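Here the structure comes first, spelled out in structure tokens, and everything after it is commentary.
None of the values given here were measured: they were computed from a predicted structure. Naming: A, B, ... by sequence-line order, numbering from 1 per chain.
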2 protein chains.
Amino acid sequence: MSSENPKRALFAAFAEIAKALGHGARLEIIELLAQGERTVETLAARCGLSVAGASQHLRLMRRAGLLASRRSGKHVLYRLSDPSVLELTTALHRVGEGNAAAVRDIVRGYFIDRDALEPVSRKELGRRLRDGAVTVLDVRPEDEYAAGHLPNALNIPLRELSRRLREIPKGREIVAYCRGPYCVLAFEAVTFLRKRGLSARRLEGGYPEWKASGLAVESAEAPRAATT
Amino acid sequence: MSSENPKRALFAAFAEIAKALGHGARLEIIELLAQGERTVETLAARCGLSVAGASQHLRLMRRAGLLASRRSGKHVLYRLSDPSVLELTTALHRVGEGNAAAVRDIVRGYFIDRDALEPVSRKELGRRLRDGAVTVLDVRPEDEYAAGHLPNALNIPLRELSRRLREIPKGREIVAYCRGPYCVLAFEAVTFLRKRGLSARRLEGGYPEWKASGLAVESAEAPRAATT
DNA sequence: TTATTATTCAACAATTATATTGAATGATTT
DNA sequence: AAATCATTCAATATAATTGTTGAATAATAA
């Protein structure tokens with residue numbers, strides 16, 4: 001490991017960390033773990049991986065120092081080892097947005113016209129939360145909501161949105177959020193709500209970014225981990 | 001490339017960028033390019049690569065959007081495509097320092113006792129530069145110095161330090177810097193100078209970090225690229 | 001034009017990473 | 001203690017990356 005040249009060894013060690021980020025499934029796992037602890041099974045299901053496959057990716061990332069884990073009963077719960085990991089993925093996103101033509105194309109093509117869905121900044125939402133003039137809508141799955149969410153946020157997972165539309169107070173502007181800047185849930189929720197004639201915008205970033213900014217969060221009674 | 005699921009495609013695109021960082025030699029190339037433009041030949045020599053090998057690494061990083069290049073006569077000059085690339089490597093370093101045990105071991109083992117070499121912050125050096133009570137010493141090779149350096153810095157490449165010691169004004173504190181936080185040049189310079197009884201400390205980060213902080217820099221007459 | 005120089009490309013072997021399968025482990029519950 | 005469940009490990013085939021060599025380009029100089 002720490003061979004001849006100390007500098008070479010150091011670069012090699014950093015390269016290991018970068019390699020651990022160098023797989024789509026692993027970045028997806030990191031996005032999920034940014035919401036809170038998760039079991040191997042849950043992560044596998046959410047990312048469309050086999051349990052053994054997920055376990056391998058997780059081991060690799062833990063070795064690289066990106067993740068940590070703890071045992072809780074029969075389950076092993078994985079988490080990001082440190083907030084700096086989220087900063088690293090944010091830096092990766094920024095480079096991708098600025099430079100990689102492939103990313104720009106995907107963002108343009110699929111994330112619809114971003115201008116029309118111009119996000120509400122965290123600062124702005126903070127101000128408007130104090131005025132009470134806005135409904136904050138969390139469109140992530142219930143377990144992610146339970147693990148932590150914005151203050152007074154209403155949780156309606158995206159797939160239930162159509163069915164549970166009446167739960168949303170009328171006449172107030174809606175700000176929807178989900179997992180992060182590249183999570184499609186809030187985009188789709190906003191598009192859907194606007195079609196229904198509601199005034200909806202999405203939050204800049206998602207729950208992890210809000211929390212990382214040091215803003216207030218709430219979570220369900222027991223701070224337990226997601227089960228399914 | 002941009003297959004079925006847009007989110008998957010996006011993660012895959014980000015993973016490509018991470019992969020492009022996932023090799024020690026490529027991180028070393030990036031550190032060098034953070035000093036300024038370089039030819040393929042120069043990079044190959046500095047990193048101990050064959051020219052063809054360096055060219056392959058460069059192509060890979062350019063495809064990932066990390067680098068850009070331009071032709072100048074017979075030479076092709078590569079550069080970082082954007083300041084966000086430096087931020088990305090900085091984030092990578094931070095994760096490595098915080099988490100990866102391997103990195104901690106290397107830093108402890110080779111970078112000697114960091115406490116004794118506690119760096120001078122950029123802010124502090126800025127203040128002391130205004131007072132004029134400090135000699136700023138650039139220990140990088142001449143061509144890197146020529147491409148850009150701190151205001152009024154004295155350039156004595158590390159390997160010439162012993163020979164040219166008399167060029168350093170007596171009785172003033174010395175602040176040495178080099179390429180960046182994991183460049184050993186300044187460490188070794190400070191260790192050497194202290195053995196000689198001089199009062200020397202090293203700067204936090206190196207030239208690229210100083211410049212990225214928006215602080216003043218100087219460069220040689222013609223803003224030409226390094227030749228060797 | 002021809003020769004020279006810097007860089008890129010192509011082809012190959014060697015290594016490393018990935019996906020998949022099924023068995024082994026560790027903790028819990030019956 | 002046996003059964004169950006979540007996770008990890010091991011083995012394998014496949015695919016991707018790397019290092020190396022030598023030939024092909026592209027720009028300049030003679």
Side-chain angles (χ1 to χ4, degrees), chain A residues 1 3 8 11-13 15-29 32-33 37-64 66-79 143 224-228, chain B residues 1 3 8 11-13 15-29 33 37-64 66-79 224-228:
Chain A
M1 261 285 155
S3 61
R8 290 275 149 79
F11 280 129
E16 283 305 309
I17 300 172
K19 270 190 220 171
L21 293 176
H23 193 290
R26 292 199 286 266
L27 291 175
E28 196 170 356
I29 287 172
L32 284 167
L33 291 180
E37 288 184 318
R38 287 286 177 288
T39 68
V40 179
E41 208 181 17
T42 310
L43 291 167
R46 290 273 163 84
C47 299
L49 296 166
S50 70
V51 174
S55 178
Q56 286 194 145
H57 285 302
L58 291 165
R59 179 177 54 118
L60 196 154
M61 288 192 280
R62 193 180 42 197
R63 276 196 193 161
L66 295 172
L67 307 184
S69 65
R70 70 183 175 94
R71 186 140 210 152
S72 163
K74 300 199 226 190
H75 297 269
V76 174
L77 293 165
Y78 279 86
R79 63 180 184 280
D143 60 307
R224 71 194 164 71
T227 46
T228 303
Chain B
M1 261 284 156
S3 61
R8 290 276 149 81
F11 281 127
E16 282 306 311
I17 300 172
K19 270 190 222 171
L21 293 176
H23 194 290
R26 292 198 289 264
L27 292 175
E28 196 169 356
I29 287 172
L33 292 179
E37 288 185 319
R38 287 285 177 287
T39 67
V40 179
E41 207 181 20
T42 309
L43 292 168
R46 289 272 162 87
C47 300
L49 297 166
S50 71
V51 174
S55 178
Q56 286 193 146
H57 285 303
L58 291 164
R59 178 177 53 120
L60 196 154
M61 289 193 278
R62 192 180 45 197
R63 277 196 193 162
L66 295 173
L67 307 184
S69 64
R70 69 184 177 92
R71 186 141 209 148
S72 164
K74 300 200 226 188
H75 297 271
V76 175
L77 294 165
Y78 279 87
R79 62 180 184 279
R224 70 195 166 71
T227 45
T228 304

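One distance of note links CG of L66(B) with CG of L58(B); it measures 11.0 Å at 0.5 Å rounding. For the atom pair CZ of R8(A) and CG of L27(B), the computed distance is 12.0 Å after rounding to the nearest 0.5 Å. Between the CG atom of L67(A) and the CG atom of L60(A) there is a distance of 9.5 Å, given to the nearest 0.5 Å.
With sequence neighbours left out, the side-chain contact (heavy atoms from CB on, under 4.5 Å) criterion links S50(A) to A52(A).
The shortest distance between the side-chain N/O atoms of H75(B) and the OP1/OP2 oxygens of dT5(C) is not below 4.0 Å. Proximity of R26(B) to the phosphate of dT18(D): a side-chain N or O atom is located under 4.0 Å from OP1 or OP2. Here Y78(A) reaches the OP1 or OP2 of dT8(D): one of its side-chain N or O atoms lies under 4.0 Å away.
Residue L67(A) contributes atom CG, which lies 11 Å from atom P of dT8(D) at whole-angstrom precision. Atom C1' of nucleotide dT8(D) and atom CD of E41(A) are separated by 14 Å, given to the nearest angstrom. With rounding to whole Å, I29(B) atom CD1 is found 13 Å from dT18(D) atom C1'. Distance E28(B) CD to dT18(D) C1': 17 Å, rounded to the nearest Å. Following rounding to the nearest Å, R59(A) (CZ) and dC9(D) (C1') show an atom-to-atom distance of 8 Å. The distance from atom NZ of K19(A) to atom P of dT15(C) is 15 Å, rounded to the nearest whole Å. Between R38(B) atom CZ and dT7(C) atom C1' there is a gap of 18 Å when expressed in whole angstrom units.
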### Message
Return a single string for nucleotides 19-30 of chain D, one symbol per nucleotide in 5' to 3' order, where B is base contact, S is sugar-phosphate-only contact and - is none, cutoff 4.0 angstrom on heavy atoms.
### Response
BBBB----SS--
